[in-house]
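What follows is a set of notes on a single structure, which appears directly below.
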Amino acid sequence: MNIGSILKYYRMKNNMTQAELCKGVCSISHLSKIESNKYIPNGETINELFKRMGVVWEREVLTYEKWKEKLETFIMHSVYYDLKSMDEVYKELSTQIDYLQSTDLVNRYELYKLRYYLFKQDMPSATQQVFILKRMEKSFTDYEKGVAKVIHLMYEIFSQNFTEAENLLEQIEEDRERIPFMFEGELFYQKAYLLHNRAQYGRSTYFAEMAVDYFRKDCNYIRLLHAQLLLAINYTNRDFTLQADDLFKIILRNAKMMEMDQLYQGALYNYSVLQNRRGFHESAYEMLQELKALLEPGTDYYQAVLIHLLQTAVEKNKEIDPLLEELKVLSERKNDPYLKIQLNYFRHTKLSQQELFDYCEQVVFPFMKKHGYIGEARSIAWRLATYYRSTGDYGKAATYSLYHYEKGEKE
């Protein structure tokens, strides 16, 4: 507890000069040392100085303990991803910003504000908070430096600055003993996420399993679901279909029970991917129909679901005209070349097989490859490889197969 900082806070609040406050009690230079926390005064001096400002020191100690406990509650809610409770405590803490900034609680308050903004997906506030923390970092304790590194790692990942995140993760690994134990599971999860982003599904699976194990032992059930979803997606990419299927069922049940809408929607989408890979297109179609009804039309996620639903409908030979019309409206409104390519692709599915694969080879694959749509490019490459294998053109089949595997898992 920084007595001097709190003393200065009340002096400024009462519009008193140092001379006015310390007259007859101590010298101005002595008070200056107290306020800068270079000297801890005796009890008599503390009581006299606070008394002059109408503050009872014993009550002030209770006030400090109250807000310290409130901050610790805020931190625990953030660790266990309880966003509703975080909102409530954040509002309370926000009424005491000036007071918190006068105490030694300020660093942790500002650090966990960044984590709060990330969980709220408020990236403008998060970015501003990063700059605030950079100005404060010289005052961090070793513990706070460890916390700062992990939360900053999360910021880079949320911002999709994956190269910066990987560099920061290397620094963390080199100085691992500084990282608080409570962040072990979070580190496993973030590392698994980064590896998944780099299509290193085997290594990502390893760290996702470690995150699942940690969160389960810590009874951190919300983060456990997040880690399980990442693990299920990795299992899907590695064709561990039974393990993935079991996990998706658990995630969907628990996410719905806990009213975690975004997680439920993410699980629905990724489970439909698994079902399509298994050839269970009817099941995938039903999931995507349910998901589409839950989303706001026109959003990027809605757009992705619509395209995935169209592909699934094609696999099941279902009527696609209403979905095509919806994609046409989206394409015209957004004037997005990617959407136009997708629209024309699905139109070609109603033509001959030869015309469809000619369009894939001449237009779709080159576009997806050039503009970094690796997932879509790999999918088209696999279809082209399968097609050319069926026609006996093994040279082209090998070319597209090679692209599919080279852009896949890098282990």
Side-chain angles (χ1 to χ4, degrees), residues 74-81 83 86 106-215 218 220 222-224 226-231 233-234 237 266 372 374 409-411:
F74 181 66
I75 290 171
M76 282 300 102
H77 289 325
S78 77
V79 170
Y80 290 91
Y81 210 85
L83 297 184
M86 279 185 81
V106 62
N107 288 351
R108 295 190 190 187
Y109 171 62
E110 297 295 345
L111 279 168
Y112 283 92
K113 270 173 66 176
L114 173 55
R115 185 165 183 165
Y116 172 73
Y117 293 144
L118 291 175
F119 286 168
K120 296 289 288 184
Q121 298 182 23
D122 182 354
M123 294 312 294
S125 294
T127 300
Q128 183 180 11
Q129 193 65 16
V130 167
F131 287 115
I132 291 172
L133 291 170
K134 283 182 179 178
R135 294 198 299 268
M136 298 173 62
E137 60 188 11
K138 289 183 179 179
S139 67
F140 289 170
T141 63
D142 284 347
Y143 175 86
E144 290 162 353
K145 287 176 183 176
V147 172
K149 283 184 178 180
V150 178
I151 297 180
H152 192 190
L153 172 67
M154 295 171 67
Y155 168 77
E156 297 294 359
I157 291 174
F158 270 77
S159 303
Q160 297 191 321
N161 300 324
F162 297 120
T163 300
E164 290 86 345
E166 287 172 340
N167 292 336
L168 187 53
L169 184 59
E170 284 183 16
Q171 295 175 27
I172 291 172
E173 295 290 355
E174 289 172 1
D175 201 14
R176 190 64 175 271
E177 65 273 8
R178 286 181 180 268
I179 305 302
F181 178 73
M182 64 191 290
F183 279 101
E184 283 289 315
E186 195 62 55
L187 266 179
F188 292 142
Y189 177 84
Q190 299 300 336
K191 188 164 187 176
Y193 186 91
L194 278 173
L195 289 165
H196 175 84
N197 177 262
R198 295 303 194 218
Q200 297 185 38
Y201 304 125
R203 294 181 64 206
S204 179
T205 297
Y206 173 76
F207 287 104
E209 287 174 342
M210 291 182 73
V212 165
D213 187 56
Y214 181 94
F215 290 137
D218 194 38
N220 193 340
I222 296 177
R223 290 306 273 157
L224 172 61
H226 291 148
Q228 286 177 323
L229 179 56
L230 179 56
L231 183 58
I233 295 169
N234 279 323
N237 285 318
I374 302 300
E409 188 166 5
K410 305 176 183 67
E411 292 188 305

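Along the sequence shown, residues carry numbers from 1.
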Quick one: pull up [atom1] in [X] and [atom2] in [Y] and give me the separation to the nearest 0.5 Å.
X	Y	atom1	atom2	answer
Asp213	Met210	CG	CE	8.0 Å
Met154	Leu118	CE	CG	6.0 Å
Glu174	Leu169	CD	CG	10.0 Å
Tyr189	Leu194	OH	CG	10.5 Å
Gln190	Leu230	CD	CG	9.5 Å
Ile157	Asn197	CD1	CG	9.0 Å

Output all residues satisfying side chain to side chain donor-acceptor pair (under 3.5 Å) with [X], sequence neighbours left out; order by chain, then residue number.
X	result
Gln121	Gln262
Tyr206	none
Thr127	Tyr155

For [X] and [Y], work out which heavy atoms get closest and say how close.
X	Y	value
Leu111	Leu133	N-CD2, 3.8 Å
Phe162	Arg198	CB-NH2, 3.8 Å
Ala227	Ala211	CB-CB, 4.0 Å
Ala126	Leu114	O-CD1, 3.5 Å
Phe215	Glu186	CZ-N, 3.8 Å
Pro180	Gly146	CD-C, 4.0 Å

Please tell me if the side chains of [X] and [Y] come closer than 4.5 Å, counting only heavy atoms from C-beta onward.
X	Y	result
Ile75	Met182	yes
Tyr116	Ser78	no
Tyr143	Arg108	yes
Phe140	Val147	no
Lys149	Leu153	no

| field | Heavy atoms of other groups near Glu173 CD, more than 12 under 6.0 Å | value |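 Enclosed: over 12 neighbouring heavy atoms sit under 6.0 Å from CD of Glu173.
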| Ser139 backbone acceptor or donor facing Asn107 side chain under 3.5 Å | yes
| query | Hey, is the main chain of Val79 close enough, under 3.5 Å, to the side chain of Asn220 for a donor-acceptor pair? | reply | yes
| Presence of salt bridge, Glu110 and Lys113, under 4.0 angstrom | yes
| field | Side chains of Asp218 and Tyr80, donor plus acceptor under 3.5 Å | value | yes
| Can you say whether the rings of Tyr81 and His226 are parallel (under 30°), tilted (30 to 60°) or perpendicular (over 60°)? |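 The rings of Tyr81 and His226 stand perpendicular, inter-plane angle above 60°.
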| query | In terms of the angle between their ring planes, are Phe188 and Tyr214 parallel, tilted or perpendicular, with boundaries placed at 30° and 60°? | reply |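 If you compare the ring of Phe188 with that of Tyr214, the planes turn out perpendicular.
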